[in-house]
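Along the sequence shown, residues are numbered consecutively beginning with 1.
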Amino acid sequence: MGLPSVGLLAFGWATPALAGVAVDPGGKVFRLDGGHVTYAFGVDDKGYLQPLYWGPEIDAQAPLQARVSTELSGFDPAGMQTAQEFPGQGEGLVTDPGIKVTFADGNRDLVLKYRAHRIEGAVLAIELADIARPLSVTLRYAIDESTGVVTRSATVRNDGRQPVRVEALASATLTLPGASDYRLHFLSGRHAAEWSQHTVPLSPALTVLESRRGSVGHGNQPWLAISRQGQTTEEAGPVWFGALGWSGSFRLSAQADNIGRVRVAAGFNSYDFAWSLKPGEALDTPPFYAGYSPGGFGGASRAFHRFQMARIIPGGERAPLRPVLYNSWEATAFDVTAEGQIKLAERAARLGVERFVVDDGWFGERHDDKAGLGDWTVNPRKFPQGLKPLIDKVHALGMSFGLWFEPEMVNRDSALYRAHPDWVLNFPGRPRTEGRNQLVLNLARTDVRDHLLGVLDKLLRENDIQFIKWDYNRNWTEPGWPEAGADQQRVYVDYVRNLYHILAELRRRHPGVEIETCSGGGGRIDTGIMALTDQAWTSDNTDPFDRLGIQDGFTMAYAPAVMMAWVTDAPNWANGRTTSLDFRFLSAMQGGLGIGADLTKWNDAEAATAGRWIAAYKGIRATVQRGDLYRLVRPVSGADQTATVYVAPDRGQAVLFAMQRGSQWKDQWAPLRLAGLDPARTYAVRVLGGGALPEGIPARASGAWWMNQGLNLRLRGDYVGVGLVFEAVKQL
Ligand code: DGJ
């Protein structure tokens, strides 16, 4: 997981194309330019590293300069008033620090000043050091030349002779200039209700977005955005955004300081965390991605989606499109047998499904959620001849084969737990609290890590598997690691690092295998795990109407390229709502399409409808998965209408999804004005999946017409929708 690279690297201010990293001749001012964004910071006369600018690109001659701050009053001395690029907890700092330590002698004062800088390829490295003690912090920066997203991280190093206790460590701290109209936006939720959107004023009240759960969880996302009230809309105005690439406990905080400047800190969660940094040892943070867009929330999310697709998702721009998937969970739950799955596979293949995934229940004594986790051997009664006959059948039907795992968990009722009761997170003599009847294996232990890697590697070597759904169905309770003694609070970092190690190693050893991140739906989705997985299970809530809100929230932060959505049976298991198959497809086609229904219960007409939608999806999925997403009408709570449009990178195709919860007599949509098209090209429109164009919509018109005049829709009924495909007409 390296830092993203940038194309052009420039030294000195004479930067012709304003892209890359530049340092002024005096070595005092540093700037990163890319994607029409400038990010700058500099050293003041006292040696503090100060943030200088983050926003729309500014000219190369801009008089950027770090100035020494004076005290505001005796209560706010100069050191405290100076906004620092990465402050140590010392000198009376009252905002969230970049780092907090306790030295072996009890000293807790850390004041970081600039020591040196290096340019390492496309990365600018700045070394800060304490004013008296041999402890340094290296900050790393890289800017993406296309989107202007800045990747930051920090490394703390102990060059002393005694261990140092690191009690808080951020990947980045960031500052925005004073204003009273900043708004903070974040995503939160719970199991089967993830991705709800929240906005609060950025005020002197410290807002903390965190997970204390060991994993990311379904609660706050490690993502935030900052807008300006009255200026920022969906498609215009400034948005600063950031995301932490970390799949464990995290902390993002934001606050207006005593003069209204915004201070953001993002990194490991300091709650219950500590790391004893031995002499000569260094501790690295995960990356924090920080972006700016003048184009509102839509502009910000499109830039971040593009960045994720180019720089984070495995394979980058060459990553394969998500195949249409079938998953057995909602159809068979734990009642998985070879014949039952073959029946489903035959029906799925007839619909045009490309990947068949057997979910929970195929292994050990897994007949319900009370037993079997940890025993990753095929259940001989369910699969008397092993998995091979099923896998061969799935392949013969022209589909790839996928299998569900939940490697980090164990049931008490399992051979693994009976053999290794000490392998779970626990505090001796304390209860071992179960969630869904399971305990969490302590992946921070290298023996546990190596065991899991060995088991998974063997299964992949012995079976022709193309896809793993990697699930994780509870969070931590007693986060103890008794064998690590006084140093056990490092479990929060070692656990996640070992998880990443297993994923990276499996990818290296089995390059043809794709992985889905799942944690009871969307409980572990972040830009850290994104670098090691190919897709994400967005939510266990598969209701197609609820999904519109879920997908709207998800795409604020993450790319539709990884957002999986299934068509399942009605009434929906989550809320009992009944919707048409057409509506379910139109909702799920706005991400990576999957089917999770019990196909043995579908009649011929339903199968034919599904086959038609799947074929239609294949004609637009490149646009949906790799294009630019414009959220035209957002599904704010209670909304009757929702519309999204996806535009292919070459602007040759656009796909509009208009979804309606209900309408009253003669209700009509406000004109839907498309976005992202080429105004000068002519686009012909057709109905996705076939059928006559809704009344009043011309068969073709220029991009300018579709974007300025727009189209007038009138849909009748509850939970109805329409997809329209706009294809650029080749000029003769
Ligand atoms: C939670 C996942 O989100 C579901 O899709 C399913 O895989 C179950 N776990 C299986 O236990």
Side-chain angles (χ1 to χ4, degrees), residues 325-349 353 355-397 399-417 436-438 441 451-474 502 506 510 513-521 537 540 564 566 568 594-600:
L325 158 164
Y326 178 81
N327 178 290
S328 65
W329 175 244
E330 288 199 25
T332 54
F334 300 99
D335 193 9
V336 172
T337 60
E339 314 90 81
Q341 296 296 305
I342 286 174
K343 254 190 218 139
L344 287 168
E346 284 167 343
R347 285 173 172 69
V353 166
R355 170 170 288 165
F356 185 82
V357 184
V358 177
D359 208 277
D360 202 348
W362 58 269
F363 54 91
E365 291 305 318
R366 185 77 168 163
H367 309 295
D368 51 31
D369 63 11
K370 295 190 178 56
L373 285 176
D375 299 340
W376 300 107
T377 46
V378 181
N379 182 292
R381 284 179 303 289
K382 298 181 178 185
F383 295 90
Q385 292 153 292
L387 289 172
K388 192 165 185 322
L390 171 61
I391 296 180
D392 288 350
K393 180 71 186 177
V394 166
H395 289 161
L397 289 165
M399 300 182 289
S400 60
F401 181 80
L403 200 56
W404 180 95
F405 290 92
E406 193 177 1
E408 299 150 83
M409 299 292 165
V410 68
N411 288 117
R412 275 182 204 266
D413 188 0
S414 67
L416 186 74
Y417 188 72
R436 205 194 192 200
N437 312 301
Q438 60 199 55
L441 289 170
H451 166 79
L452 290 180
L453 178 58
V455 166
L456 289 162
D457 181 44
K458 183 164 178 285
L459 268 153
L460 292 179
R461 269 189 284 112
E462 292 175 354
N463 297 283
D464 196 0
I465 295 172
Q466 287 72 50
F467 175 80
I468 291 178
K469 175 175 174 181
W470 186 299
D471 206 344
Y472 178 93
N473 280 300
R474 61 160 294 182
I502 298 173
L506 287 176
H510 305 278
V513 175
E514 293 195 336
I515 304 175
E516 177 171 73
T517 178
C518 170
S519 172
W537 180 223
D540 273 350
M564 296 305 293
W566 302 345
T568 56
I595 314 287
D598 185 353
L599 300 181
T600 61

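Between the side chain of Asp598 and the backbone N or O of Glu330, no donor-acceptor pair lies under 3.5 Å. Between the side chain of Asp369 and the backbone N or O of Arg436, no donor-acceptor pair lies under 3.5 Å. The main-chain N or O of Ile465 is never found under 3.5 Å from a side-chain atom of Asn463 such that the two would form a donor-acceptor pair. In this structure, Ser414 contributes its side chain and Asp375 its backbone to no donor-acceptor pair below 3.5 Å. With hydrogens and angles ignored, the 3.5 Å screen pairs no side-chain donor or acceptor of Ser328 with any backbone N or O of Val358. Remark: side-chain polar atoms of Arg355 are not paired, donor with acceptor, to backbone N or O of Phe467 under 3.5 angstrom. In this structure, Asn327 contributes its side chain and Gly596 its backbone to no donor-acceptor pair below 3.5 Å.
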For residues 386-396, which side-chain N or O atoms pair as donor and acceptor with protein atoms under 3.5 Å away, sequence neighbours left out?
residue: Lys388; atom: NZ; partner: Asp392; partner atom: OD2; Å: 2.7
residue: Lys393; atom: NZ; partner: Glu346; partner atom: OE2; Å: 3.4
residue: His395; atom: NE2; partner: Gln466; partner atom: OE1; Å: 2.8

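For Asp471 and Asn473, the side-chain atoms include at least one donor-acceptor pair closer than 3.5 Å.
With values rounded to the nearest 0.5 angstrom, Thr337 atom OG1 is found 6.5 Å from Asp335 atom CG. To the nearest 0.5 Å, the span separating CD on Gln438 from CG on Asn411 amounts to 6.0 Å. Once rounded to the nearest 0.5 Å, the distance linking OG1 of Thr332 with CG of Asp359 reads 7.5 Å. The distance from the OG1 atom of Thr517 to the CD1 atom of Ile468 is 12.0 Å, given to the nearest 0.5 Å. In this structure, NZ in Lys458 is found 13.5 Å from CG in Leu453, a value given to the nearest 0.5 Å. With values rounded to the nearest 0.5 angstrom, Asn379 atom CG is found 5.5 Å from Glu365 atom CD.
Phe383 has its side chain within reach of Val336: a pair of non-hydrogen atoms, C-beta onward, lies under 4.5 Å apart. Looking at heavy atoms from C-beta onward, Asp540 lies out of side-chain contact with Trp329 at the 4.5 angstrom threshold. A 4.5 Å side-chain heavy-atom check between Leu506 and Val513 finds every atom pair outside the cut-off. Inter-residue side-chain proximity for His367 and Arg381 is flagged as met; some heavy-atom pair is nearer than 4.5 Å. Pro407 places none of its side-chain heavy atoms less than 4.5 Å from the side chain of Ile502.
Minimum interatomic distance between Trp376 and Val455 (heavy atoms only, all atoms of both residues): CB-CG1, 3.6 Å. Scanning both residues, Lys469 and Cys518, for their nearest heavy atoms gives CE-SG, 3.8 Å. The nearest pair of heavy atoms linking Phe363 to Gly372 is CE1-O, 3.5 Å. Heavy atoms only, all atoms of each residue included: Ala331 and Ala597 are closest at CB-O, 3.7 Å. Taking every heavy atom of both residues into account, Ala345 and Met399 meet most closely at O-CE, 3.3 Å.
Taking 4.0 Å as the cut-off between side-chain N and carboxylate O, Lys370 and Asp413 do not count as a salt-bridged pair. Using a 4.0 Å cut-off between a side-chain N of Lys or Arg and a carboxylate O of Asp or Glu, Arg474 and Glu408 do not qualify as a salt bridge.
Screening Phe405, Phe334, Trp404 for a ring pair (Phe, Tyr, Trp, His ring centres under 6.0 Å) involving Trp362 leaves a single residue, Phe405.
With sequence neighbours left out, the ring-ring contact (aromatic ring centres under 6.0 Å, His included) criterion links His451 to Trp423. Listed by chain and residue number, Trp537 satisfy the ring-ring contact (aromatic ring centres under 6.0 Å, His included) test with Trp566 (two or more places apart in sequence, or in another chain).
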>> Checking His510 against Asp457 for the side chain to side chain contact (heavy atoms under 4.5 Å, CB included) test, could you report, in this order, the C-alpha distance in whole Å, the side-chain angles of both residues, the deciding distance, and whether it holds?
In response: CA-CA 8 Å; His510 305 278; Asp457 181 44; 2.6 Å; yes

> Given the rule in the side chain to side chain contact (heavy atoms under 4.5 Å, CB included) test, do Arg412 and Asn437 qualify, once you have shown the distances and angles that lead to the verdict?
Replying inline: CA-CA 8 Å; Arg412 275 182 204 266; Asn437 312 301; over 6 Å; no

